[in-house]
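A short write-up of the structure that comes next.
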Amino acid sequence: MLEKTRFIKENLEEVRESMRLSCMRANREIKTVKLIAVSKTKPIFDMLKAYDFGVRDFGENKVQEILSKYDKMPKDIRWHMIGHLQRNKVKQIIDKVFLIHSVDSYALAYEIEEQAYKRDINVNVLVEVNIGNEDSKFGVSANETYELVSKIMDLEHVSVKGLMCVAPIQDDPENNRKYFRKMKAISDDINNKLGKAYLNVLSMGMTGDFEVAIEEGATMVRVGTGIFGERKRL
Ligand SMILES: *Cc1c(COP(=O)(O)O)cnc(C)c1O
């Protein structure tokens, strides 16, 4: 257990140091990038270790897993829903999550609106973009993004804060630079069309490529393996 504790502590230090160096290379302030610890499949023990070392933002990709972990973790945690979200499960997590990264249809956004309206709350979301145009991935295409963002803007209880992507798996993270750059361009373009900096979150970059993502403008990076180690295949 002591070894596990040291493992997570050292991993976190390494990730944070890499984030700092990426910010320096990109002439950005470190506080403009938030680390989200992706804890899917990982036990509460590991998460509490990360919590002890200062992590407050945790990313999960399954509604059921958020629900089962929610009561076992401290109350000041910000839960990030980063996985595909089914409409019929929205009501289960709507008042528990800080940010939903994976809105990829108006139907989903509308369900979030209805559930948020019932509870008289506001829900922050990101629009997921399938930036690599992969059949295996969720998300809207680059050229559908503006339309979805502007439709969500008309919903009263949903605030669209930015964009998210899961870039293709690569051996060399440099291969994803073009996709991250494109995400930034889509976001800038939408803000230009809207006439103000409405979108200011860019959730992009994972263990394999978060450094490149930060250099290209990520404001949130989602790191799992790099903090908690490999996940068992389920
Ligand atoms: C699992 C997952 C991550 C983290 O992946 P790692 O490669 O382990 O860092 C990030 N984002 C999403 C959407 C994920 O599902």
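Basis for what follows: all heavy atoms, side chains included, without hydrogens, waters or symmetry-related copies.
By the neighbour-count criterion of 12 heavy atoms within 6.0 Å, atom NZ of Lys193 is densely surrounded, having more than that number from other residues, nucleotides or ligands. Atom NZ of Lys34 sits in a crowded spot, with more than 12 heavy atoms from other residues, nucleotides or ligands closer than 6.0 Å. For Glu17, the CD atom sits in a packed shell: over 12 heavy atoms of surrounding residues, nucleotides or ligands are nearer than 6.0 Å. Annotation for Arg87: atom CZ does not count as buried by contact number, only 12 or fewer foreign heavy atoms lying within 6.0 Å. Other residues, nucleotides and ligands contribute more than 12 heavy atoms inside 6.0 Å of the CZ atom of Arg119. By the neighbour-count criterion of 12 heavy atoms within 6.0 Å, atom CD of Glu230 is sparsely surrounded, having that number or fewer from other residues, nucleotides or ligands. When the shell of 6.0 Å around CG of Asp171 is examined, it contains 12 or fewer heavy atoms from other residues, nucleotides or ligands. Atom CE of Met24 sits in a sparse spot, with 12 or fewer heavy atoms from other residues, nucleotides or ligands closer than 6.0 Å.
Side chain of Arg222 to backbone of Ser203: a donor-acceptor contact under 3.5 angstrom is found. Without hydrogens or angle criteria, Ser22 side chain to Ser18 main chain gives a donor-acceptor distance under 3.5 Å. In this structure a side-chain-to-backbone donor-acceptor pair under 3.5 Å is missing from Glu60 to Trp79. Proximity of a side-chain donor or acceptor of Asp209 to a complementary backbone N or O of Val212 within less than 3.5 Å is not detected. Using modelled atom types, one side-chain atom of Lys72 and one backbone atom of Ser68 make a donor-acceptor pair closer than 3.5 Å. Side chain of Ser105 to backbone of Leu108: a donor-acceptor contact under 3.5 angstrom is found. The backbone N or O of Ser141 lies less than 3.5 Å from a partner atom in the side chain of Glu144, making a donor-acceptor pair. Judged by distance alone, with hydrogens and angles left aside, the side-chain atoms of Asn191 form a donor-acceptor pair with the main-chain N or O of Tyr198 at under 3.5 Å.
Salt bridge Arg16/Glu13: absent, no basic N to carboxylate O contact under 4.0 Å. The pair Arg177-Glu174 meets the salt-bridge criterion, since a charged nitrogen lies less than 4.0 angstrom from a carboxylate oxygen. Under a 4.0 Å N-O distance rule, the pair Lys137/Glu134 qualifies as a salt bridge.
Looking at heavy atoms from C-beta onward, Glu147 lies out of side-chain contact with Tyr106 at the 4.5 angstrom threshold. Cys165 has its side chain out of reach of Tyr179: every pair of non-hydrogen atoms, C-beta onward, lies at least 4.5 Å apart. Side-chain atoms of Phe58 and Met47, non-hydrogen and from C-beta on, do get closer than 4.5 Å to each other. Side chains of Lys96 and Leu67 form a contact here, defined as non-hydrogen atoms less than 4.5 Å apart. Looking only at side-chain heavy atoms (C-beta outward), Val166 and Met206 come within less than 4.5 Å of each other. By the 4.5 Å heavy-atom criterion applied to side chains, Glu128 and Val103 are not counted as neighbours.
For the salt bridge (Lys or Arg N to Asp or Glu O under 4.0 Å) criterion with Asp46, the lone passing option out of Arg231, Lys4, Lys69, Lys9 is Lys4. Test Arg28, Lys184, Arg25, Arg181 against Glu215 for salt bridge (Lys or Arg N to Asp or Glu O under 4.0 Å) and you get one pass: Arg25. Of the candidates Ile190, Leu199, Leu163, Val127 forms a side-chain contact (heavy atoms from CB on, under 4.5 Å) with just one, namely Leu163. Ile100 pairs in a side-chain contact (heavy atoms from CB on, under 4.5 Å) with only one of the listed residues (Ile112, Leu126, Val90), which is Ile112.
Side-chain atoms of Asp76 and Tyr51 form a donor-acceptor pair, as typed in the model, at a separation below 3.5 Å. At a cut-off of 3.5 Å, with distance as the only test, a side-chain donor of Asn124 or Asn122 sits close to an acceptor on the other residue. Glu29 and Thr32 share no donor-acceptor pair across their side chains, judged by distance under 3.5 Å alone.
Leu202 and Ile36 are assigned to two separate hydrophobic clusters, defined by single-linkage of ILVMFWY side chains at heavy-atom distances under 4.5 Å. By the rule that hydrophobic residues join a cluster once side-chain heavy atoms approach within less than 4.5 Å of another member, Ile186 and Leu194 end up as members of one cluster. Under the 4.5 Å side-chain heavy-atom criterion for ILVMFWY residues, no single connected hydrophobic cluster contains both Val125 and Phe98. In the hydrophobic cluster analysis, where Ile, Leu, Val, Met, Phe, Trp and Tyr join through side-chain heavy atoms closer than 4.5 angstrom, Val55 is grouped apart from Val38. Hydrophobic clustering of Ile, Leu, Val, Met, Phe, Trp and Tyr side chains at less than 4.5 Å, counting indirect connections, unites Ile227 with Val221.
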Evaluate the side-chain contact (heavy atoms from CB on, under 4.5 Å) criterion for residues Cys23 and Val33: first the C-alpha distance (whole Å), next the side-chain angles of each, then the deciding distance (0.1 Å), finally the verdict. CA-CA 8 Å; Cys23 283; Val33 188; 3.8 Å; yes

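Using cut-offs of 30° and 60° for the angle between ring planes, the His101 and His80 rings count as perpendicular. Note on ring orientation: taking the six-membered ring where Trp is involved, the planes of His84 and Phe138 are parallel (angle under 30°, cut-offs 30° and 60°).
Remark: Lys75 is positioned above the aromatic ring of Tyr70, its terminal NZ or CZ atom under 6.0 angstrom from the ring centre and at most 45 degrees off the axis.
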